[in-house]
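Taking it in order: structure first as structure tokens, then the write-up.
Protein chains get the first letters and strands the later ones, always in sequence-line order, with residue 1 at the start of each.
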There are 2 protein chains.
Amino acid sequence: MTATSDAEHALRGASLRVTRPRVAVLAAVHEHPHADTDAIIRAVRSGTGGVSTQAVYDVLRALTSAGLVRRIEPAGSVARYEARVGDNHHHVVCRSCGAIADVDCAVGAAPCMAASDDHGFSIDETEVTHWGVCPDCTTAHSP
Amino acid sequence: MTATSDAEHALRGASLRVTRPRVAVLAAVHEHPHADTDAIIRAVRSGTGGVSTQAVYDVLRALTSAGLVRRIEPAGSVARYEARVGDNHHHVVCRSCGAIADVDCAVGAAPCMAASDDHGFSIDETEVTHWGVCPDCTTAHSP
DNA sequence: GCGTAATTTGGAACGATTCAAGATTGGTAA
DNA sequence: TTACCAATCTTGAATCGTTCCAAATTACGC
């Protein structure tokens with residue numbers, strides 16, 4: 001599979017050992033954008049068989065700190081992971097069903113980065129989350 | 001105290017029953033901006049005596065849905081509450097110590113609200129979180 | 001091929017939050 | 001004012017996602 005060799009290559013590039021769980025988790029994140037940990041665990045298990053829960057948590061943390069995946073955590077939701085890293089995009093979250101969609105930044109490369117008063121903080125990242133209701137839930141609520 | 005009567009007035013204005021736990025919690029949120037639930041519980045107990053943990057959780061939820069307080073929840077942190085509602089401001093969060101500071105929006109009234117592609121979502125709120133390191137942690141790390 | 005060190009495993013622990021049932025209180029109408 | 005009803009508080013326990021621990025396994029570099 002291409003996904004597997006891509007994952008393998010990405011792991012090597014990040015100086016991470018190439019193990020079966022890591023390849024499987026990385027491939028699962030690529031295949032299921034915005035999946036939570038439980039969904040990733042299930043996806044990995046259905047694909048390659050026995051992988052422990054802790055292995056997935058640990059791999060996800062390793063991949064996150066290596067910058068291969070990005071951890072997103074909308075308020076009131078569990079942690080989710082996505083494979084789109086490096087580009088500047090944000091998210092829309094459905095208040096009703098929790099669905100997440102990617103939103104490219106409207107302003108350009110570094111949106112809203114300019115805080116009017118940064119209180120002396122050295123800001124290195126700015127996160128934008130749009131809250132609303134997704135099309136499915138909108139039609140479901142007003143038939 | 002003025003804080004207490006203010007809280008009482010705010011509760012009545014929101015058609016919420018005025019109870020001792022509610023007044024105490026609302027006053028505590030006003031006195032401690034960005035406090036987490038545990039800090040609020042401790043503040044309330046030191047002030048008015050016995051209030052159950054669940055009462056505080058329930059009151060905070062009631063106040064949040066009534067719009068009297070705003071719940072903020074930076075990724076990797078516990079829920080925090082603030083009393084500044086209605087104005088359009090965002091937050092800077094310290095990656096090191098978790099400190100939170102308010103940031104008025106640089107763009108104006110509705111910043112970054114324009115998503116380039118909203119995927120059909122009806123967006124009603126946009127949340128901006130800046131991540132960085134606060135002055136205290138910066139000096140602590142490079143003396 | 002071998003050794004070392006990282007990695008995975010399985011179990012258990014943890015903290016924040018929520019659930020359930022009963023007692024109590026606040027608001028309101030008589 | 002008094003009594004009523006429903007909302008709210010208390011007590012106690014349970015749930016969920018996540019992390020920690022020690023032991024066994026595995027992969028990588030030489």
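- Counting all heavy atoms, side chain and backbone alike, B:V29 lies closest to B:A83 at CG1-N, 3.8 Å.
- Nearest-nucleotide mapping onto DNA chain C: of B:V78 and A:L16, the residue sitting toward the 5' end is A:L16.
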Could you go through nucleotides 11-14 of chain C and list every protein N or O atom that sits under 3.5 Å from one of its N or O atoms, giving the distance for each pair?
unit_1 : atom_1 : unit_2 : atom_2 : d
C:dG11 : O6     : A:Q54  : NE2    : 2.8

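- Put simply, the side chain of A:E125 never gets that close to the backbone of B:G132: no donor and acceptor are under 3.5 Å apart.
- Rounding to the nearest 0.5 Å places CD1 of A:I41 at 8.5 Å from OG of A:S52.
- Contacts classified as salt bridge (Lys or Arg N to Asp or Glu O under 4.0 Å) and involving residues 10-19 of chain B (residues at least two apart or in different chains) are given here: B:E8-B:R12.
- Under the rule for a side-chain hydrogen bond (donor to acceptor under 3.5 Å, both in side chains), the partners of B:T53 that lie at least two apart in sequence or sit in another chain are B:R45.
- A:H34 is linked by a side-chain hydrogen bond (donor to acceptor under 3.5 Å, both in side chains) to A:E82, A:D102, counting only residues two or more places apart in sequence or in another chain.
- Using a 4.5 Å heavy-atom cutoff, the side chains of B:C97 and B:C134 are in contact.
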Would you list the protein and nucleotides 21-26 of chain C atom pairs, both N or O, that sit under 3.5 Å from each other?
unit_1 : atom_1 : unit_2 : atom_2 : d
C:dG26 : N2     : B:R17  : NH2    : 3.1

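- Taking Ile, Leu, Val, Met, Phe, Trp and Tyr as members and joining any whose side-chain heavy atoms lie under 4.5 Å apart, directly or through other members, the hydrophobic cluster of B:I100 also contains B:I72, B:V93, B:W131.
- Residues satisfying the side-chain hydrogen bond (donor to acceptor under 3.5 Å, both in side chains) criterion with B:D38, sequence neighbours excluded, are B:R42.
- Taking CD of A:E127 as the reference point, atom NE2 of A:H90 lies at 9.0 Å (rounded to 0.5 Å).
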Mind listing the side-chain donor-acceptor pairs of residues 54-65 of chain B below 3.5 Å, one per line with the distance, residues two or more places apart or on another chain?
unit_1 : atom_1 : unit_2 : atom_2 : d
B:T64  : OG1    : B:L60  : O      : 2.6
B:S65  : OG     : B:R61  : O      : 3.3
B:S65  : OG     : B:A62  : O      : 3.1

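- A heavy atom closer than 4.0 Å to some atom of DNA chain C occurs in B:Y57, these being the qualifying members of residues 55-70 of chain B.
- Taking each heavy atom of B:E73 and B:S77 in turn, the nearest pair found is CG-O, 4.2 Å.
- For an aromatic pair to be called close, the ring centres must be under 6.0 Å apart, and B:H91 with B:H89 satisfies this.
- An OP1 or OP2 oxygen of C:dT17 is reached within less than 4.0 angstrom by no side-chain nitrogen or oxygen of B:T53.
- Cluster note: B:V78 groups with no other residue, as no ILVMFWY side-chain heavy atom lies under 4.5 Å from it.
- A nucleotide of DNA chain D counts as in contact with chain A when one of its atoms lies under 4.0 Å from a heavy atom; the first and last such, 5' to 3', are D:dG17 to D:dC28.
- Rounded to 10 degrees, the angle between the two end axes of the helix from C:dG1-D:dC30 to C:dA30-D:dT1 is 40°, with five pairs used at each end.
- Annotation: side chain of B:L68 is in contact with side chain of B:L26 (closest heavy-atom distance under 4.5 Å).
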